[in-house]
Amino acid sequence: MTINVPLDNEGFLLNRDDWNEQVAVELARTDDFEMTEQVMSLIRDARTMYDEDGVVPPIRIFAKKQKVSTKDLYDIFKKSPMKLICKWGGLPKPTGCV
């Protein structure tokens with residue numbers, strides 16, 4: 001499947017309403033990452049937090065709510081965990097220290 005939704009120059013969705021779990025799988029695939037249920041669960045939780053708070057959670061707060069360390073997140077994603085969670089989750093680009 002190819003992604004048939006508008007993306008910005010960094011691969012983030014232009015319209016959050018275009019997101020679904022299949023889009024997440026395809027966005028991850030374009031970054032040479034095989035989606036897992038663990039990662040999809042993290043994405044779902046980040047989306048819920050965004051819906052509740054209106055902002056992308058900072059990595060430390062997100063990790064704490066997930067009951068994992070930031071190191072655990074880096075072990076899963078290898079680089080920029082919150083940026084990838086947001087990118088694949090159809091959320092805005094995180095700002096600040098990610």
Side-chain angles (χ1 to χ4, degrees):
M1 174 183 175
T2 32
I3 300 170
N4 291 324
V5 294
L7 305 174
D8 71 8
N9 62 342
E10 292 181 64
F12 284 79
L13 291 179
L14 291 176
N15 181 352
R16 186 170 179 264
D17 293 333
D18 290 334
W19 186 87
N20 62 50
E21 291 190 5
Q22 188 58 44
V23 167
V25 169
E26 292 302 318
L27 289 171
R29 190 171 292 145
T30 64
D31 288 329
D32 296 320
F33 188 91
E34 190 67 31
M35 183 63 69
T36 65
E37 180 53 38
Q38 178 187 30
V39 171
M40 188 62 75
S41 178
L42 292 168
I43 289 170
R44 287 185 207 110
D45 289 347
R47 288 179 58 84
T48 298
M49 290 173 74
Y50 182 83
D51 288 343
E52 291 170 354
D53 302 332
V55 296
V56 172
I59 190 168
R60 286 183 179 87
I61 291 172
F62 183 73
K64 185 176 182 179
K65 288 190 177 187
Q66 297 302 309
K67 297 180 174 48
V68 298
S69 70
T70 56
K71 181 188 180 310
D72 293 333
L73 292 175
Y74 275 94
D75 287 345
I76 295 166
F77 292 93
K78 307 302 178 216
K79 63 176 184 173
S80 306
M82 287 313 298
K83 182 176 180 182
L84 293 174
I85 288 169
C86 290
K87 181 179 180 182
W88 302 339
L91 298 172
K93 289 176 231 175
T95 59
C97 182
V98 293

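All heavy atoms count here, side chains included; hydrogens, waters and symmetry mates do not.
Here the closest non-hydrogen pair linking Leu73 and Phe62 is CD1-CD2, 4.0 Å. For the residue pair Gly11 and Leu27, the shortest heavy atom distance occurs at O-CD2, 3.8 Å. In this structure, Ala24 and Met35 approach most closely via the heavy-atom pair O-CE, 3.6 Å. Of all heavy-atom pairs between Ala63 and Ser69, the closest is CB-C, 4.0 Å.
Screening residues 30-43 for side chain to side chain donor-acceptor pair (under 3.5 Å), with sequence neighbours left out, gives Asp31-Lys87, Asp31-Trp88, Glu37-Arg44.
Counting heavy atoms from C-beta on, the side chains of Asn15 and Pro6 never come closer than 4.5 Å. Looking only at side-chain heavy atoms (C-beta outward), Lys78 and Phe33 stay at 4.5 Å or farther from each other.
Between the side chain of Lys67 and the backbone N or O of Lys64 there is no donor-acceptor pair closer than 3.5 Å. When atom types are taken as modelled, the side chain of Asp53 and the backbone of Val55 share no donor-acceptor pair closer than 3.5 angstrom. With hydrogens and angles disregarded, no donor-acceptor distance shorter than 3.5 Å links the side chain of Asp45 to the backbone of Leu42.
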Evaluate Asp51 against Arg47 for salt bridge (charged side-chain N to carboxylate O under 4.0 Å, His left out), listing each step before the verdict. CA-CA 6 Å; Asp51 288 343; Arg47 288 179 58 84; 5.6 Å; no
Verdict with supporting geometry, Leu13 and Val5, side-chain contact (heavy atoms from CB on, under 4.5 Å): CA-CA 7 Å; Leu13 291 179; Val5 294; 3.3 Å; yes
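The side-chain contact (heavy atoms from CB on, under 4.5 Å) with Val39 is formed by just one residue from the set Ile76, Leu84, Val25; it is Ile76.
We find the OG1-CE distance between Thr70 and Met82 to be 12.0 Å, quoted to the nearest 0.5 Å. Remark: Ile59 CD1 to Ile85 CD1 distance equals 7.0 Å, nearest 0.5 Å. Atom OH of Tyr50 is separated from atom SG of Cys86 by 9.0 Å, given to the nearest 0.5 angstrom.
Every side-chain contact (heavy atoms from CB on, under 4.5 Å) that Lys93 has, sequence neighbours left out, goes to Asp8, Glu10, Phe12.
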